[in-house]
Undergrad: 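First, the structure itself, so that you have it in front of you.
Predicted model, so just to flag it, every value in this text is computed and none were measured.
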Amino acid sequence: MAQTNDVKALRPNRRKLHFSTVILYIILIIGTAVCLVPLYWMLRSSLMSNAEIFVFPPRFFPSVWRWNNYVKTFQNFEALKYFGNTMKILVPCVIGTVLTSSMAGYALGRLRFPGKKLWFALTIGAMILPGHVVLIPLYLTYSAIGATNTYTPFYLAAWCGGGASNVFLMRQFMRTLPRDYDESAMIDGANRLQIFLKILVPLCAPIMITVAIFSFMFYWNDFQGPLIYLRSDNKFTLALGILSLRGAYASKWNYIMAASLVMVVPAVILFAVGQRYFIEGIVLTGVKG
């Protein structure tokens, strides 16, 4: 009888749990749908004529599905050239960001040296400082050394820490790892470099993949940087090259939407492949202050 009463008492709690789960899923589905609307709008615009895009009230489906728009887009758009230029920036910068931010995070998170707190405070300050504040000083500096219209500004930024936020993520993640690993390795005769490369780097795979994804997204979608530092069309990236589809008096928005949608695909694929590591790296970062 006692067990029966316990079971009856648990039923209302289970019903409440099921109801709250259903509400949660409904909210998540609605939120996902809202987030997917811009992607769908981009897709439907890429399959319309340029005039049909601006019809009011707007149409949610094309009257004619113009798949040939994608063929015409890449006939008028030097995609391979812009893609190659993008990869010239993206690959070295992602590698440099992951490598140098992990080294800086290791120094700030696990080593003791004079001025450590000051350097960490400067890192936090750099995160708080808006990027537009340093835009003009950086441009004047790179212009003075003749680095404009080259990829040097991107390489220098990536290979000098890769951004304060990436250093902060690395530092916070490394502080979650037990220091016993370092002490045991030092007893066995390992130096700091060996500890970093052979012990900490394999353990930091989730946060390194997370930083790599962040860096990929940044350099793949970066429009402001190439717009400021690059002048020659032969050096333009994909994000900047899409501007070539704009005219002086009329823009081919259906072609622009087609090129933009194709540009979104690699980022979506990368996030889908690295989603597990991305979530793990974000969750574990900051467990220990």
Side-chain angles (χ1 to χ4, degrees), residues 25-94 149 151 154 212-276 278-279:
Y25 275 105
I26 291 174
I27 294 173
L28 290 174
I29 290 171
I30 293 174
T32 303
V34 171
C35 293
L36 291 176
V37 166
L39 285 176
Y40 172 73
W41 205 256
M42 191 184 298
L43 174 62
R44 64 58 100 173
S45 299
S46 70
L47 298 173
M48 289 180 169
S49 65
N50 206 38
E52 191 178 8
I53 293 175
F54 299 99
V55 171
F56 188 84
R59 297 174 181 174
F60 287 89
F61 301 98
S63 57
V64 177
W65 296 80
R66 303 172 184 268
W67 295 101
N68 196 41
N69 282 353
Y70 286 88
V71 177
K72 293 180 179 179
T73 297
F74 289 97
Q75 288 176 348
N76 298 288
F77 180 61
E78 298 180 90
L80 290 178
K81 180 181 75 174
Y82 296 134
F83 176 78
N85 292 338
T86 302
M87 297 307 292
K88 288 178 184 178
I89 295 176
L90 189 147
V91 173
C93 287
V94 170
N149 201 32
Y151 300 141
F154 307 101
I213 292 174
F214 279 146
S215 301
F216 178 93
M217 297 291 188
F218 175 79
Y219 289 108
W220 180 260
N221 297 313
D222 187 20
F223 177 79
Q224 179 177 275
L227 180 65
I228 293 173
Y229 295 116
L230 303 179
R231 300 169 188 166
S232 172
D233 180 74
N234 292 326
K235 296 181 182 294
F236 283 178
T237 60
L238 276 170
L240 202 57
I242 292 177
L243 284 179
S244 64
L245 297 173
R246 294 183 60 184
Y249 301 101
S251 298
K252 300 176 182 178
W253 290 106
N254 49 354
Y255 295 168
I256 292 175
M257 291 297 174
S260 300
L261 189 64
V262 171
M263 187 175 172
V264 168
V265 171
V268 173
I269 293 175
L270 178 67
F271 181 79
V273 172
Q275 182 180 12
R276 180 171 66 88
F278 175 79
I279 295 174

Undergrad: What distance do Asp222 atom CG and Met217 atom CE have between them, rounded to the nearest 0.5 Å?
TA: 14.0 Å
Undergrad: Can a donor-acceptor pair be found, under 3.5 Å and without considering hydrogens, that links the side chain of Asn254 to the backbone of Ser49?
TA: no
Undergrad: Just by distance, do the side chain of Asn221 and the backbone of Ala239 share a donor-acceptor pair under 3.5 Å?
TA: no
Undergrad: Are the side chains of Asp233 and Glu78 in contact, using a 4.5 Å heavy-atom criterion?
TA: yes
Undergrad: Just wondering, do Thr237 and Phe223 contact through their side chains at under 4.5 Å, heavy atoms?
TA: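 A side-chain contact under 4.5 Å is absent here.
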Undergrad: Hey, could you give me the CG/CG distance between Leu43 and Leu36, rounded to the nearest 0.5 Å?
TA: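 Answer rounded to 0.5 Å: 11.5 Å.
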Undergrad: For a quick test of reading the model, state the closest non-hydrogen atom pair linking Asn69 to Ser46 and the distance between them.
TA: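 That closest heavy-atom pairing would be ND2-O, 2.8 Å.
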Undergrad: Has Trp220 got a side-chain atom pairing as donor or acceptor with Met263's backbone, closer than 3.5 angstrom?
TA: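 Checked: pair present.
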Undergrad: Just by modelled atom types, is the Ser232 backbone N or O under 3.5 Å from a matching donor or acceptor in the Asn149 side chain?
TA: yes
Undergrad: Can you check whether Phe60's main-chain N or O pairs, donor with acceptor, with Tyr40's side chain at less than 3.5 Å?
TA: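 Yes.
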Undergrad: Working to the nearest 0.5 angstrom, can you tell me the gap between Leu80 CG and Leu238 CG?
TA: 9.5 Å
Undergrad: Roughly how far, to the nearest 0.5 Å, is OH of Tyr25 from OG1 of Thr32?
TA: 11.5 Å
Undergrad: To the nearest 0.5 Å, what is the distance between CH2 (Trp253) and CD1 (Ile53)?
TA: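 Answer rounded to 0.5 Å: 9.0 Å.
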Undergrad: Taking all atoms of both residues into account, what is the closest heavy-atom pair of Ser260 and Ile242, and its distance?
TA: OG-CD1, 3.9 Å
Undergrad: Hey, is the main chain of Arg59 close enough, under 3.5 Å, to the side chain of Arg44 for a donor-acceptor pair?
TA: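 Yes: the side chain of Arg44 pairs with the backbone of Arg59.
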Undergrad: Angle class for the Trp67/Tyr70 ring planes (parallel below 30°, perpendicular above 60°, tilted otherwise)?
TA: parallel
Undergrad: Assess the residue pair Lys72 and Arg66 against the criterion (side chain to side chain contact (heavy atoms under 4.5 Å, CB included)); give the C-alpha distance rounded to whole Å, side-chain angles, the decisive distance to 0.1 Å, and a yes or no.
TA: CA-CA 10 Å; Lys72 293 180 179 179; Arg66 303 172 184 268; over 6 Å; no
Undergrad: Under the side chain to side chain contact (heavy atoms under 4.5 Å, CB included) criterion, do Thr86 and Tyr219 qualify, and how do the steps go?
TA: CA-CA 8 Å; Thr86 302; Tyr219 289 108; over 6 Å; no
Undergrad: So, for Phe236 and Asn85, which heavy atoms are closest and what is the spacing to 0.1 Å?
TA: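 That would be O-ND2, 2.8 Å.
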